[in-house]
Amino acid sequence: MASELPRIALVMGDPAGISPELTAKLLALDEIRAAARIVVLGDRRIFEQGAQVAGVDPALVYLRQGQPLTSAPDPHFIDLENLSPDKVERCKATKVGGAFAIDNFSRALHMAHAGAVDAVCFTPFNKQAMRYVYPGYEDEIGFVSDTIGFTGIAREFNVLEGLWNARVTSHIPLAKVASAITTENILAELELADRCLRAAGITRPRIAVAAINPHAGDGGNCGREEIEIIEPAVKAAVARGFDASGPYPADTVFVRARGGAFDAVLTMYHDQGQIAMKLMGFDRGVTLLGGFPFPICTPAHGTAYDIAWKGIANVGGARAAFLMAAKMAAEKCIAGNA
Ligand SMILES: NC(=O)C1=CN([C@@H]2O[C@H](COP(=O)(O)OP(=O)(O)OC[C@H]3O[C@@H](n4cnc5c(N)ncnc54)[C@H](O)[C@@H]3O)[C@@H](O)[C@H]2O)C=CC1
Ligand SMILES: NCC(=O)COP(=O)(O)O
């Protein structure tokens, strides 16, 4: 195993969904095995069931908790023995499933925080299942911050090859979005996006800012947020030296972005960007938790209970997430700020 390869903790996610089969499919890919020194965290029994439905049998070095990693080139699987298969209710969000994912994830985060691995990649979690265990769970951002004692700003970014999507609001009800859009919030998200893109090697990120109302408000005809809130934020960002522009009508800004006009689009809420990004490349999309002291990546898709445990889940998103984590770790792309 080449010592210069990045070390990645690969976390088994929600056991009720497609995580077990995706973890197995991923570990069977030569490209993945060659990209990093991999440490898998999970339960061997669940993993082997996932491998069986996926029809793969990747060579792994199995260890028990506390056993040292070896110099063998194959991925190492730390068998936490933390979930008996008879406890798994497939295709359903349960507390047992949430606890398994949280246990695996927090161990990986502690490893990364301690410098034992360079990045973390996880197969999908289910937010409802996580909330059964950790009631304050809104998304992974707060959980990671609490787990490693991080007090800086971190956010989710969706990345499809060279195009990034940042957002001003994330996992909140749509009814609360308009009141959460302020000039200060937009500026803060734009600055973080700029920093994360730079850390990923884009030297002067061109960031398009989306409007919130149809046709960017049509001169105030259908909403004044563009005039009163978003435009002032873009102007302030430009005055601070950022390559920001907008507000652009949200229904067409991604058409331009796809054509190469921008490196990133800052949207006002989750689905404004996600619909566009997922339509452009559902099987390749990555979610990056950016701003932390180490890269954390996961596929942009979720637990897919409707197709889980059939062996048909597409591994493309997990592959892209793993390779992005490996690349960022190898290039020491730390978008962290504290
Ligand atoms: N990486 C992660 O941890 C993510 C987790 N989630 C969580 O997943 C749960 C379910 O979310 P949904 O909105 O239902 O989205 P979803 O992505 O799980 O499913 C949406 C549709 O896409 C299909 N799909 C998803 N991944 C696929 C794959 N790899 N191959 C083939 N088809 C696939 C599903 O079968 C379903 O029809 C939620 O709790 C959500 O928060 C959502 C996105 C990312
Ligand atoms: N677990 C990551 C995650 O949920 C990302 O999904 P999304 O809510 O950004 O679609």
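The shown structure was predicted, so the numbers you read here are calculated from the model rather than taken from an experiment. In listed order, ligands and their atoms are each counted from 1. Values reported hereafter were calculated over all heavy atoms of this structure, with side chains retained and with hydrogens, waters and symmetry mates removed.
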For [X], take its heavy atoms, then give the atoms of ligand 1 lying under 4.0 Å from any of them.
| X | result |
| --- | --- |
| Asn126 | 9 (C), 39 (O) |
| Ala313 | 30 (N) |
| Phe122 | 3 (O) |

Look at [atom] and say which protein heavy atom is nearest, naming residue and atom and giving the distance to 0.1 Å.
| atom | value |
| --- | --- |
| atom 41 (O) of ligand 1 | Lys127 NZ, 2.8 Å |
| atom 24 (N) of ligand 1 | Phe282 CE2, 3.6 Å |
| atom 32 (N) of ligand 1 | Ile307 CD1, 3.5 Å |

For the rings on Phe105 and Tyr134, is their centre-to-centre separation under 6.0 Å?
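Not close enough - the centres of the two rings lie 6.0 Å or further apart.
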[X] to ligand 2, any heavy atom closer than 4.0 Å:
| X | answer |
| --- | --- |
| Arg167 | yes |
| Thr298 | yes |
| Lys278 | yes |

Evaluate the criterion side-chain hydrogen bond (donor to acceptor under 3.5 Å, both in side chains) for residue pair Asn158 and Arg167; output intermediate values, then yes/no.
CA-CA 9 Å; Asn158 293 100; Arg167 50 205 192 222; 2.7 Å; yes
Check each heavy atom of [X] against ligand 1 and say whether those closer than 4.0 Å belong to the side chain, the backbone, both or neither.
| X | value |
| --- | --- |
| Ala300 | backbone |
| Tyr305 | neither |
| Asp306 | side chain |
| Ile312 | neither |

Does this structure show an ion pair linking [X] with [Y], if we count only N-O contacts that are shorter than 4.0 Å?
| X | Y | answer |
| --- | --- | --- |
| Arg319 | Glu31 | yes |
| Glu191 | Arg240 | yes |
| Arg206 | Asp263 | yes |
| Asp139 | Lys127 | no |
| Asp79 | Arg64 | no |
| Glu48 | Arg44 | yes |

Does Asp30, at its CG atom, have more than 12 non-hydrogen atoms belonging to other residues, nucleotides or ligands within less than 6.0 Å?
no
Considering residues, nucleotides and ligands other than His171, do more than 12 of their heavy atoms fall under 6.0 Å from its NE2?
yes
Using side chain to side chain contact (heavy atoms under 4.5 Å, CB included) as the criterion, point out the one residue from Asp243, Val253, Val209, Ile207 that pairs with Phe262.
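The option that passes is Val253.
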Only one of Val144, Asn104, Val11 passes side chain to side chain contact (heavy atoms under 4.5 Å, CB included) with Leu109; say which it is.
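Among Val144, Asn104, Val11, the one that satisfies the side chain to side chain contact (heavy atoms under 4.5 Å, CB included) with Leu109 is Val144.
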Tell me the nearest of [options] to [atom], using heavy-atom distances.
| atom | options | answer |
| --- | --- | --- |
| atom 4 (O) of ligand 2 | Met130, Lys127, Met277 | Lys127 |
| atom 5 (C) of ligand 2 | His270, His171, Glu156 | Glu156 |
| atom 16 (P) of ligand 1 | Pro299, Cys121, Gly302, Ala101 | Gly302 |

Please say whether [X] places an N or O atom under 3.5 Å from an N or O atom belonging to ligand 1.
| X | result |
| --- | --- |
| Thr123 | no |
| Gln128 | no |
| Pro124 | no |
| Thr298 | yes |

Ligand 2 versus Phe122: contacting region, heavy-atom distance under 4.0 Å:
side chain
Is_contact([atom]), protein non-hydrogen, under 4.0 Å:
| atom | value |
| --- | --- |
| atom 30 (N) of ligand 1 | yes |
| atom 21 (C) of ligand 1 | no |
| atom 43 (C) of ligand 1 | yes |
| atom 14 (O) of ligand 1 | no |

Closest heavy-atom pair, Cys196 versus Gly291, reported as atoms and distance to 0.1 Å, is SG-N, 3.9 Å
Derivation and outcome, side-chain contact (heavy atoms from CB on, under 4.5 Å), residues Leu174 and His270:
CA-CA 9 Å; Leu174 190 57; His270 181 280; over 6 Å; no
